[in-house]
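Here is the structure we will look at.
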Amino acid sequence: MTDEEINYRTLRKIEQMEKNSPVLSKIKSDFYSSLVDHLKELKERLEKEDNSQKKMLLKDEVENIKKLSLSIYELREKKILLAAVSRARGGNPDINNLIEPEKKLFDSILENMLNSR
């Protein structure tokens, strides 16, 4: 995912890529901040909506996007943890698709693992 905007369809595509690949998929460097912005926008639309049917649809969309987001994060988190374990044991895991917040997580985990040895 490089130039696509954040929406349910793109999130579902990212989730499928993460599920089907043993390595991290490529995502935009601002993925997490774009996701937060998108959720804020949806919540604002939800608050302003007067039509109860549209309000229900927006509420469902917000909940579905939250679930997808958590799933993507957890899939990526697991891969980051496994990569840190591999690196701590002398391996050379593929970490090319880490974005900045994930690099910080990876480095922190790796440092803690190496210090505990």
Side-chain angles (χ1 to χ4, degrees):
M1 184 186 135
T2 51
D3 292 328
E4 297 180 64
E5 71 176 59
I6 299 286
N7 59 39
Y8 182 83
R9 183 176 293 148
T10 58
L11 291 173
R12 188 76 174 108
K13 191 161 82 172
I14 292 169
E15 182 191 40
Q16 288 304 308
M17 289 187 314
E18 291 300 340
K19 282 183 177 181
N20 295 326
S21 173
V23 297
L24 291 166
S25 302
K26 184 154 183 69
I27 58 174
K28 295 187 325 181
S29 61
D30 66 344
F31 173 75
Y32 294 113
S33 61
S34 294
L35 183 56
V36 168
D37 291 343
H38 181 66
L39 274 170
K40 282 181 186 175
E41 181 184 313
L42 284 175
K43 287 178 182 178
E44 287 172 6
R45 285 177 46 203
L46 178 62
E47 289 174 11
K48 293 177 183 174
E49 186 58 60
D50 293 329
N51 182 314
S52 62
Q53 200 169 19
K54 286 183 182 179
K55 198 167 191 145
M56 182 64 93
L57 289 172
L58 278 170
K59 186 177 179 184
D60 288 345
E61 185 175 358
V62 167
E63 290 306 311
N64 287 334
I65 286 178
K66 283 181 179 180
K67 287 176 189 175
L68 266 177
S69 302
L70 182 61
S71 175
I72 291 167
Y73 179 80
E74 288 177 347
L75 289 164
R76 292 182 70 83
E77 180 183 59
K78 180 179 177 182
K79 292 176 185 182
I80 292 166
L81 288 168
L82 291 172
V85 168
S86 175
R87 176 73 53 88
R89 294 179 179 169
N92 189 22
D94 181 0
I95 56 170
N96 292 324
N97 291 332
L98 286 174
I99 59 176
E100 194 56 39
E102 296 171 338
K103 285 178 188 171
K104 290 178 183 175
L105 176 62
F106 174 83
D107 290 341
S108 174
I109 293 166
L110 180 59
E111 181 181 342
N112 283 319
M113 290 181 73
L114 294 174
N115 288 337
S116 71
R117 288 179 172 239

- Query: Passes side-chain contact (heavy atoms from CB on, under 4.5 Å), E49 versus M56? Steps please.
  - Reply: CA-CA 10 Å; E49 186 58 60; M56 182 64 93; over 6 Å; no

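In this structure, CZ on R76 lies 7.0 Å from CG on L98, to the nearest 0.5 angstrom. Taking CZ of R45 as the start and NZ of K54 as the end, the distance is 9.5 Å to the nearest 0.5 Å. Separating the CD atom in E77 from the CG atom in L70 is a distance of 9.0 Å, to the nearest 0.5 Å. Atom CZ of R87 sits about 8.5 Å away from atom CG of D107, to the nearest 0.5 Å. From L46, atom CG reaches atom CG of D60 across 10.0 Å, with rounding to the nearest 0.5 Å. From I14, atom CD1 reaches atom OG of S71 across 11.0 Å, with rounding to the nearest 0.5 Å.
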Could you give the side-chain donor-acceptor pairs of residues 29-37 under 3.5 Å, partners two or more places apart or in another chain?
| from | atom 1 | to | atom 2 | distance (Å) |
| --- | --- | --- | --- | --- |
| D30 | OD2 | S34 | OG | 3.3 |
| Y32 | OH | E102 | OE2 | 2.7 |
| S33 | OG | D30 | O | 3.0 |
| S34 | OG | D30 | O | 3.0 |

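V62 and I65 fall within a single hydrophobic cluster, where Ile, Leu, Val, Met, Phe, Trp and Tyr are joined by side-chain heavy atoms under 4.5 Å apart, directly or via other members. F106 and L75 sit in two unconnected hydrophobic clusters of ILVMFWY residues. Membership requires side-chain heavy atoms under 4.5 Å apart, directly or through other members. Side-chain heavy atoms closer than 4.5 Å link hydrophobic residues (I, L, V, M, F, W, Y) into clusters, and following such links, possibly through other members, connects Y73 to L81. L57 and L39 fall into different hydrophobic clusters, where Ile, Leu, Val, Met, Phe, Trp and Tyr side chains are chained together by heavy-atom contacts under 4.5 Å.
For the residue pair A88 and L110, the shortest heavy atom distance occurs at N-CD1, 3.6 Å. M17 approaches S25 most closely through the heavy-atom pair CB-OG, 3.4 Å. Between K55 and E47 the shortest heavy-atom distance is NZ-O, 4.3 Å. P93 approaches S86 most closely through the heavy-atom pair CD-OG, 3.8 Å. Nearest heavy-atom pair across Y8 and L68 is CE1-CD1, 3.3 Å.
For the pair N7 and T10, the minimum side-chain heavy-atom distance is below 4.5 Å. E18 places none of its side-chain heavy atoms less than 4.5 Å from the side chain of E74. Residues V23 and N97 have side chains not in contact (no heavy-atom distance under 4.5 Å, counting atoms from C-beta outward). At a threshold of 4.5 Å between non-hydrogen side-chain atoms, the residues E61 and L58 count as touching. In this structure, the side chains of I95 and L24 stay at 4.5 Å or more apart for every pair of heavy atoms.
Partners of K78 by side chain to side chain contact (heavy atoms under 4.5 Å, CB included), not counting sequence neighbours, listed by chain and number: L82. Under the salt bridge (charged side-chain N to carboxylate O under 4.0 Å, His left out) criterion, R12 pairs with E15, sequence neighbours left out.
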